[in-house]
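Everything on this sheet refers to the single structure shown next.
A, B, ... follow the sequence lines: proteins, then strands. Residue 1 opens every chain. All heavy atoms count here, side chains included; hydrogens, waters and symmetry mates do not. A quick note: this is a predicted structure, and the numbers were derived from the prediction, not measured.
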Amino acid sequence: MAHVLVIAEHDGAGLQAASLCTISASFQLAKAQGGEVHVLVAGGSARQAAEAAAKIDGVAKVLLAEGDSYAHGLAEPLAALVAEIGGGYGAILSPATSFGKNLSPRIAALLDVGQLSDIIGIVSADTFIRPIYAGNAVATVQSSDCVKMVTVRATAFEPAKADGGHAVIEAVSAAVPDARSRFIDQQLSKSLRPELTAARVVVAGGRGIGSAENFKTLIEALADKLGAAVGATRAAVDAGFTANELQIGQTGKIIAPELYIAAGVSGAIQHVAGIKDSKVIVAINKDEEALIFQVADYGLVADINQALPELCAELSK
Amino acid sequence: MKALVAVKRVVDYNATILVKADGSGIDTNNLKFSINPFDEVAVEEAVRLKEAGMVSEIVVVSIGPAQAQDTLRNALAMGGDRAILVTVDGDVEPLAVAKLLRAVVESEKPDLVILGKQAIDGDCNQTGQMLAALLGWPQGTFASALAFKDGELNVIREIDSGNETVSLQLPAVITADLRLNTPRYVSLPNIMKAKKKPLATTTPATLGVDVAARQRVLKVEPPAKRKAGIKVGSVAELVAKLKNEAKVI
Ligand SMILES: Cc1cc2nc3c(=O)[nH]c(=O)nc-3n(C[C@H](O)[C@H](O)[C@H](O)COP(=O)(O)OP(=O)(O)OC[C@H]3O[C@@H](n4cnc5c(N)ncnc54)[C@H](O)[C@@H]3O)c2cc1C
């Protein structure tokens, strides 16, 4: 019997959606390992987020670590903390977000265990399913390490219900290593649109959109019509049409909305890696041979400069 | 300042990936291999730092089969000064790679180690963070810009909600995102020159590192296929389908 520890990503007030999905993965794993689920909430002041975690039905205990060194999610002090308190767990799970990807391998190395990245399924207490080669293959991998160190792809697990629970909150602390890294600042996107990875509908633009101006008048306008999140390809981000955090794909975000609309996107495998689990895929591209049509449920061969305004107008009818 | 850059030989990002019928792995026969694209960015960054006078020597290191010498020669042609190949056949897990790199770092004593943020075969995104942990060094992962300031290294990192800047004391480990730079094309004269640059080989045993696998791949399968879709003739038809057939708007 071994307990499972989840490292929660939070904003001080509550847990991020990806953390809820990671917690629901941890329930599956805890059942397989025959233990409890504990959630670590660390931050500058994180009591409120810890209280939110304690309300999740199925969580047995919340570990709360507060201190200035944890305020910005830096991997160095957090990894030292988890390595100190986490060695006795059967598994340690983090969301496969930029927070978890940065932190989890650092903990793994301190504990001298390997890591399974970006899992999409749990087969048993020691065996996991994960995509490799930009999702062109899926591997089933068994770990012989005493602690299973895992990052979880959020779209593969339903979020845990955020109420119904009454877990105890226990304060934890650990020696803080010499600070050799320092947080300076963050430039965060300010958008009133839904968050890309959690949105029901996503409208994405590729290089075919042509300019930052068009990205606004074509992609963002359609997104607003649909109450959708906005996404982009690497080519569109590199060309400066939009911000890097909107990139979808192997190196960007993984999404699984009910409706994904790709406009002026060729459908390179590195992009498709991030959209394959969408329920319905729509592609609008002027090249009828474009690869994106191979994964699209509905394809429209058209120039986006006409098709997107027309689509907005049609939706207003 | 001395920089060490780790590079991996991987199946080229343009190759079509096919799973072996017996489920034992990827069929790599006849596939083109190249330097991992993220590692190419890492090499480019070191070369730019050298051109800017910040770095005096660039050592490139690879862990892999004998053919990884080609990958190292490619990195030397971009501007690396010398290369080290740790010869290992078969898959090496990121933790073992990090331990091998730690051994190399302990003898080479670089001030900066730059790696790609992930390799496009295993998509693990682990090695840089693990190496930083083993060395007790700070880490700047998913870097899209580097700047030296008052003896510290400022790293702009791509995070889910935008960008973040952290400041690291050297020595430090950096992992490169694709937007850190655009790698140069290697010229023929530089490819010729690279052939004469020193390339040393060593082994895990010589470095005293146990590379035994901790993980066993039980099977590898192709991903679930999406069912074939249809082409619609007009925007009006598209909207009708989305409303009445797919029922998503
Ligand atoms: C290691 C690595 C990782 C990568 N990771 C990612 C990733 O995470 N995400 C990602 O997106 N990419 C990624 N890429 C890049 C990827 O390989 C492609 O280069 C990229 O996705 C192409 O973007 P695109 O479809 O916007 O551009 P293009 O491939 O240039 O396609 C543009 C499309 O627009 C169409 N078009 C042009 N004008 C019009 C018009 N007026 N009307 C209609 N259609 C038009 C064209 O027919 C074309 O199909 C990665 C690459 C590498 C090497």
Side-chain angles (χ1 to χ4, degrees), chain A residues 75-76 79 97-98 101-102 105-106 108-110 113-115 117-118 127 131-145 180-189 226 234 238 243-245 250-251 253 258-259 276 279-280 282 295-301 307 310-311 314-315, chain B residues 11 13 17 19 26 93-95 98 118 120-126 129-134 136-139 141-142 144 154 158-169 177-179 214-223 226 229-232 235-236 238-239 241-242 246 248-249:
Chain A
E76 294 83 349
T97 55
S98 56
K101 288 175 183 172
N102 182 44
R106 191 167 177 113
L110 294 178
V113 298
Q115 175 176 304
S117 297
D118 220 9
T127 304
I132 54 176
Y133 289 88
N136 280 301
V138 179
T140 303
V141 189
Q142 184 176 37
S143 158
S144 63
D145 280 313
R180 300 188 45 219
S181 60
R182 205 155 42 86
F183 171 85
I184 307 281
D185 61 7
Q186 281 182 346
Q187 301 82 40
L188 301 185
S189 62
L226 289 165
R234 175 185 168 204
D238 286 0
N244 62 266
E245 64 271 16
Q250 183 184 21
T251 19
K253 291 193 171 132
E258 277 184 43
L259 172 61
K276 263 199 315 217
K279 193 163 150 247
V280 174
V282 171
V295 294
D297 300 281
Y298 301 106
L300 177 64
V301 180
E310 217 185 296
L311 185 51
E314 190 73 25
L315 289 168
Chain B
V11 173
Y13 78 95
I17 304 296
V19 172
I26 300 298
E93 290 167 11
L95 181 63
Q118 74 194 68
I120 61 166
D121 46 8
D123 280 333
C124 285
N125 193 335
Q126 300 173 7
Q129 297 88 315
M130 288 179 162
L131 175 64
L134 296 175
W137 291 7
Q139 67 190 46
T141 55
F142 327 146
S144 63
N154 275 9
E158 291 199 0
I159 58 171
D160 290 341
S161 49
N163 288 302
E164 173 178 285
T165 309
V166 293
S167 173
L168 310 179
Q169 286 174 26
D177 218 319
L178 294 175
R179 270 179 285 276
R214 310 283 191 93
Q215 298 171 0
R216 202 151 65 90
V217 177
L218 302 182
K219 63 178 175 209
V220 175
E221 298 163 294
R226 289 188 71 91
I230 58 161
K231 289 244 170 69
V232 293
V235 166
L238 174 62
V239 171
K241 291 276 187 206
L242 292 177
V248 285
I249 55 172

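For chain A, the nearby parts of Q139(B) are the backbone and the side chain; heavy atoms of each come within less than 4.5 Å. Interface residue V248(B): backbone and side-chain heavy atoms are both found under 4.5 Å from chain A. There is no contact between D118(A) and chain B, counting heavy-atom distances below 4.5 Å. Looking at A98(B), neither its backbone nor its side chain comes within 4.5 Å of chain A, counting heavy atoms on both sides. Neither the backbone nor the side chain of P94(B) comes within contact range of chain A, judged by heavy atoms closer than 4.5 Å. Using a 4.5 Å cut-off between heavy atoms, K253(A) contacts chain B through its side chain alone, with no backbone atom that close. For a residue to count as touching a neighbouring chain, one of its non-hydrogen atoms must lie under 4.5 Å from one of that chain's; by this rule A79(A) does not touch chain B. Proximity to chain A is limited to the side chain of L238(B), based on heavy atoms less than 4.5 angstrom apart. Within the 4.5 angstrom heavy-atom criterion, only side-chain atoms of I26(B), from C-beta onward, approach chain A. For V19(B), the part lying under 4.5 angstrom from a heavy atom of chain A is the side chain only. For a residue to count as touching a neighbouring chain, one of its non-hydrogen atoms must lie under 4.5 Å from one of that chain's; by this rule A307(A) touches chain B with backbone and side chain alike. Looking at Q115(A), the atoms closer than 4.5 Å to chain B (heavy atoms on both sides) sit in the backbone and in the side chain alike.
At most 12 heavy atoms of other shown residues, nucleotides or ligands fall within 6.0 angstrom of atom OH in Y13(B). Within a 6.0 Å radius of NZ in K219(B), other residues, nucleotides and ligands contribute 12 heavy atoms or fewer.
Taking both residues in full, the closest heavy atoms of V113(A) and R214(B) are given as CA-NH1, 3.8 Å, listed atom of the first, atom of the second, then distance. Annotation for V217(B) and A139(A): closest pair CG1-CB, 4.4 Å, computed over non-hydrogen atoms. In terms of heavy-atom proximity, A133(B) sits nearest to A109(A) at CB-CB, 3.7 Å. Minimum heavy-atom separation, A134(A) to D123(B): N-OD2, 2.8 Å.
Contact tally against chain B (heavy-atom pairs below 4.5 Å) for N244(A), V282(A), T127(A), L226(A): the top residue is N244(A). Of the listed residues N154(B), N125(B), V166(B), the one with more heavy-atom pairs under 4.5 angstrom with chain A than any other is V166(B). Across I159(B), L95(B), N163(B), the residue that shares the most heavy-atom pairs under 4.5 angstrom with chain A is N163(B). Comparing P222(B), A246(B), G136(B), S144(B) by how many heavy-atom pairs each has under 4.5 Å with chain A, the most go to A246(B). Ranked by non-hydrogen atom pairs under 4.5 Å with chain A, the options D177(B), V11(B), I249(B), V220(B) are led by V220(B). Your options are E221(B), R179(B), E158(B), and the one with the most heavy-atom pairs under 4.5 Å with chain A is R179(B). Most heavy-atom pairs under 4.5 Å with chain B, from the set I132(A), T251(A), T140(A): that is T140(A). When the candidates L110(A), L259(A), D145(A) are compared by the number of heavy-atom contacts under 4.5 Å with chain B, D145(A) comes out ahead. Heavy-atom pairs under 4.5 Å with chain B peak, among E258(A), K279(A), Q250(A), K276(A), at Q250(A). In terms of non-hydrogen atom pairs under 4.5 Å with chain B, the most contact-rich of R106(A), E245(A), Q186(A) is R106(A). When the candidates L300(A), V301(A), D238(A) are compared by the number of heavy-atom contacts under 4.5 Å with chain B, L300(A) comes out ahead.
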Intermediate values then yes/no, side chain to side chain contact (heavy atoms under 4.5 Å, CB included), T141(B) and K101(A): CA-CA 9 Å; T141(B) 55; K101(A) 288 175 183 172; over 6 Å; no
Test log, rule side chain to side chain contact (heavy atoms under 4.5 Å, CB included), inputs R182(A) and Q169(B): CA-CA 9 Å; R182(A) 205 155 42 86; Q169(B) 286 174 26; over 6 Å; no
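Of the possible donor and acceptor atoms, one in the side chain of S98(A) sits under 3.5 Å from a partner among the backbone N and O of D160(B). For the pair Q187(A) (side chain) and G162(B) (backbone), a donor-acceptor distance under 3.5 Å is absent. Counting only distance, with no hydrogens or angles, the side chain of S181(A) and the backbone of L168(B) share no donor-acceptor pair below 3.5 Å. Proximity of a side-chain donor or acceptor of Q129(B) to a complementary backbone N or O of A108(A) within less than 3.5 Å is not detected. With hydrogens and angles disregarded, no donor-acceptor distance shorter than 3.5 Å links the side chain of R180(A) to the backbone of W137(B).
At least one side-chain heavy atom of Y133(A) sits less than 4.5 Å from a side-chain heavy atom of D121(B).
For Q142(A) and R216(B), the side-chain atoms include at least one donor-acceptor pair closer than 3.5 Å.
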